[in-house]
*Asks:* 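One structure coming up, written as structure tokens, with questions to follow.
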Amino acid sequence: MFSDLADRKAQARRVVRQLKKDYPIAECALNYETPFQLLIATILSAQCTDVRVNIVTKDLFAQYPDAHAMARAPVKTLEKLVQTTGFFRNKAKNIHAASQALDEKFDGEVPQDLAVLVDLPGVGRKTANVVLGTAFGIPSGIVVDTHVGRLTKRMGLTDKADAVKIEKELLEIVPKKEWIQFSHRLIHHGRAICAARKPKCHDCHFAKFCPQVGVA
DNA sequence: ATCCCGAGGG
DNA sequence: CCCTCTGGAT
């Protein structure tokens with residue numbers, strides 16, 4: 001439908017304009033005080049709601065506020081603290097190992113480099129892009145999570161399924177200065193209106209140019 | 001492609 | 001029951 005690049009760019013402009021109108025201030029919904037804490041919260045957010053992550057990180061960060069402290073926490077204790085976010089053994093292992101790496105190699109600071117971030121345990125492109133964009137204001141790419149993937153496909157901005165391919169296509173049609181806010185706004189819209197299972201198309205301001213409306 | 005793995009909604 | 005929720009590693 002929007003296979004042509006020019007068409008997808010035009011559609012991207014409509015989407016960005018409406019996003020700005022509907023969600024003028026779209027921030028990360030995860031609670032954090034430092035880049036390190038945002039990194040940990042984002043690792044924990046895999047397959048889990050941000051609301052639940054915030055419940056867990058309240059106690060987690062009270063006990064282990066930085067990389068130096070978390071690197072010295074017993075993994076079993078971390079497992080208990082992050083248990084309700086799902087995948088808790090992997091997540092506990094990853095936040096512990098990532099904290100150790102940061103503490104030993106980077107003096108506890110979070111490096112502002114996508115390749116270095118992706119090298120940390122439990123950190124992929126999605127998490128790295130969140131940290132660089134939200135904590136440091138560096139537009140290193142576009143965060144493609146389950147919401148961004150679903151909405152950009154519905155709105156005709158991409159027809160890809162793979163997150164990396166979706167990001168590549170989005171980078172071509174969304175202005176760089178919009179990259180950081182673009183994802184946050186789509187995520188808000190995905191939660192409030194364009195839900196995965198029962199989208200509220202009647203309340204959706206994007207319906208007038210959304211190719212998905214009326215489609216089974 | 002499959003596994004990790006928990007809570008909440010429908 | 002099945003699906004979804006700000007994924008990553010094998």
Side-chain angles (χ1 to χ4, degrees), chain A residues 19 23 25-32 35 37-60 75-76 78-102 114-136 139-155 157-158 160-168 170 174 178-200 212 216:
Chain A
L19 282 174
Y23 310 97
I25 49 154
E27 295 168 5
C28 182
L30 296 170
N31 296 337
Y32 64 97
Q37 292 186 358
L38 177 61
L39 174 68
I40 298 301
T42 308
I43 292 174
L44 295 178
S45 74
Q47 303 299 103
C48 173
T49 62
D50 52 337
V51 174
R52 180 148 302 281
V53 173
N54 288 336
I55 293 171
V56 161
T57 53
K58 190 169 191 283
D59 291 327
L60 180 68
V75 179
K76 284 294 177 190
L78 295 179
E79 285 185 1
K80 287 197 179 84
L81 283 166
V82 305
Q83 194 258 347
T84 60
T85 65
F87 303 162
F88 65 92
R89 292 191 188 87
N90 272 336
K91 287 178 180 176
K93 179 156 53 87
N94 285 335
I95 64 176
H96 185 255
S99 295
Q100 283 191 330
L102 292 175
L114 187 127
V116 177
L117 286 173
V118 167
D119 212 39
L120 294 170
V123 178
R125 277 194 71 88
K126 184 259 173 185
T127 299
N129 277 332
V130 167
V131 171
L132 289 174
T134 304
F136 297 121
S140 64
I142 292 178
V143 173
V144 178
D145 61 10
T146 177
H147 289 298
V148 174
R150 182 180 69 251
L151 269 64
T152 53
K153 189 168 184 177
R154 282 179 178 171
M155 291 178 179
L157 298 180
T158 181
K160 301 290 189 279
D162 177 71
V164 175
K165 290 178 182 172
I166 293 173
E167 182 184 357
K168 186 175 181 298
L170 293 178
V174 177
E178 308 292 344
W179 286 359
I180 297 171
Q181 290 296 311
F182 182 71
S183 294
H184 285 147
R185 287 170 170 145
L186 276 180
I187 290 163
H188 279 269
H189 187 61
R191 287 198 309 218
I193 305 291
C194 195
R197 200 177 296 189
K198 216 176 73 177
K200 302 170 184 171
Q212 187 65 28

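So you know, we letter chains A, B, ... as the sequences are listed, proteins then strands, and number each from 1. Every heavy atom of this structure was used, including side-chain atoms; hydrogens, water molecules and symmetry mates were not.
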*Asks:* Take the protein atom CD of A:Gln47 and the nucleotide atom P of B:dG6, then report the distance between them rounded to whole Å.
*Replies:* 14 Å

*Asks:* Taking atom P in both C:dT6 and B:dC4, what distance in whole Å separates the two?
*Replies:* 23 Å

*Asks:* How many whole angstroms separate atom CG of A:Asp162 from atom P of C:dG8?
*Replies:* 12 Å

*Asks:* Any stacking of A:Phe87 on C:dG7, going by centres under 5.5 angstrom and planes within less than 30 degrees?
*Replies:* yes

*Asks:* Please check this pair: side chain of A:His184 against backbone of A:Ala29, looking for a donor-acceptor N/O pair closer than 3.5 Å.
*Replies:* no

*Asks:* Taking A:Trp179 for its side chain and A:Ser140 for its backbone only, find out whether a donor-acceptor pair lies under 3.5 Å.
*Replies:* no

*Asks:* Taking any heavy-atom pair under 4.0 Å as a contact, classify A:Val123: base, sugar-phosphate, or nothing.
*Replies:* sugar-phosphate

*Asks:* Go nucleotide by nucleotide along DNA chain C from the 5' end; which of A:Asp119 and A:Val51 gets its closest nucleotide reached first?
*Replies:* A:Val51

*Asks:* When you match A:Gly122 and A:Thr42 each to their closest nucleotide on DNA chain C, which lands nearer the 5' end?
*Replies:* A:Thr42

*Asks:* For A:Leu44, report the nucleic acid contact type (base, sugar-phosphate, nothing); a contact means any heavy atom under 4.0 Å.
*Replies:* nothing

*Asks:* What is the distance, rounded to the nearest whole Å, between atom CZ of A:Phe88 and atom C1' of B:dA7?
*Replies:* 13 Å

*Asks:* Expressed as a whole number of angstroms, how long is the span from A:Leu117:CG to C:dA9:P?
*Replies:* 12 Å

*Asks:* A:Ile40 has an atom CD1; how far is it from atom C1' of C:dG8, in whole Å?
*Replies:* 14 Å

*Asks:* Taking the minimum atom-to-atom distance to the side chain of A:Gln83, which one of B:dA7, C:dT6, C:dC5 wins?
*Replies:* B:dA7

*Asks:* Is the side chain of A:Asn54 donor-acceptor paired with the backbone N or O of A:Asn31 at a distance under 3.5 Å, no angle test?
*Replies:* yes

*Asks:* Looking at A:Leu44, is its backbone amide N or carbonyl O close enough to the side chain of A:Lys91 to form a donor-acceptor pair, meaning the two atoms are under 3.5 Å apart?
*Replies:* yes

*Asks:* Mind checking A:Ala29 for me? I need base, sugar-phosphate or nothing, with any heavy atom below 4.0 Å counting as a touch.
*Replies:* base

*Asks:* To the nearest Å, how far apart are A:Lys93 NZ and B:dC3 P?
*Replies:* 17 Å

*Asks:* Have a look at A:Arg191 and say if it touches a base, only the backbone sugar-phosphate, or nothing, with a 4.0 Å heavy-atom cut-off.
*Replies:* base

*Asks:* Please state whether the phosphate of C:dC5, meaning OP1 or OP2, lies under 4.0 angstrom from any side-chain nitrogen or oxygen of A:Thr146.
*Replies:* yes

*Asks:* Can you tell which of B:dG9, C:dC5, C:dT6 lies closest to the side chain of A:Asp145?
*Replies:* C:dT6

*Asks:* Is there a side-chain contact (heavy atoms from CB on, under 4.5 Å) between A:Asp50 and A:Cys28? Walk through the geometry before answering.
*Replies:* CA-CA 9 Å; A:Asp50 52 337; A:Cys28 182; over 6 Å; no

*Asks:* Between B:dG8 and C:dG8, how far apart are the P atoms? Round to whole Å, please.
*Replies:* 24 Å

*Asks:* Report yes or no: does A:Arg185 contribute a side-chain atom to a donor-acceptor pair with the main-chain N or O of A:Tyr23 at less than 3.5 Å?
*Replies:* yes

*Asks:* Please tell me if A:His184 has a side-chain N or O lying less than 4.0 Å from either OP1 or OP2 of C:dT6.
*Replies:* no

*Asks:* Of all the choices, C:dT6, C:dT4, C:dG7, which nucleotide is nearest to the side chain of A:Ala196 once you look at every atom?
*Replies:* C:dT4

*Asks:* Which listed nucleotide (C:dG7, C:dT6, C:dC3) is nearest to the side chain of A:Arg197?
*Replies:* C:dC3

*Asks:* When the distance from NZ of A:Lys91 to C1' of B:dC4 is rounded to whole Å, what number comes out?
*Replies:* 10 Å

*Asks:* Counting side-chain heavy atoms from C-beta on, which of B:dG6, B:dC4, C:dT6 comes nearest to A:Asn90?
*Replies:* B:dC4

*Asks:* Could you state the CG-P distance from A:Leu151 to C:dT4, rounded to the nearest angstrom?
*Replies:* 14 Å

*Asks:* Could you check whether A:His147 and A:Arg150, counting side-chain N and O atoms only, form a donor-acceptor pair closer than 3.5 Å?
*Replies:* yes

*Asks:* OP1 or OP2 of C:dG8 versus the side-chain N and O atoms of A:Thr127: is any pair under 4.0 Å?
*Replies:* yes

*Asks:* Does B:dG8 have OP1 or OP2 under 4.0 Å away from a side-chain N or O of A:Arg52?
*Replies:* yes

*Asks:* Measuring from the side chain of A:Thr84 (C-beta onward, heavy atoms only), which nucleotide among B:dC4, C:dC5, B:dA7 has the closest atom?
*Replies:* B:dA7

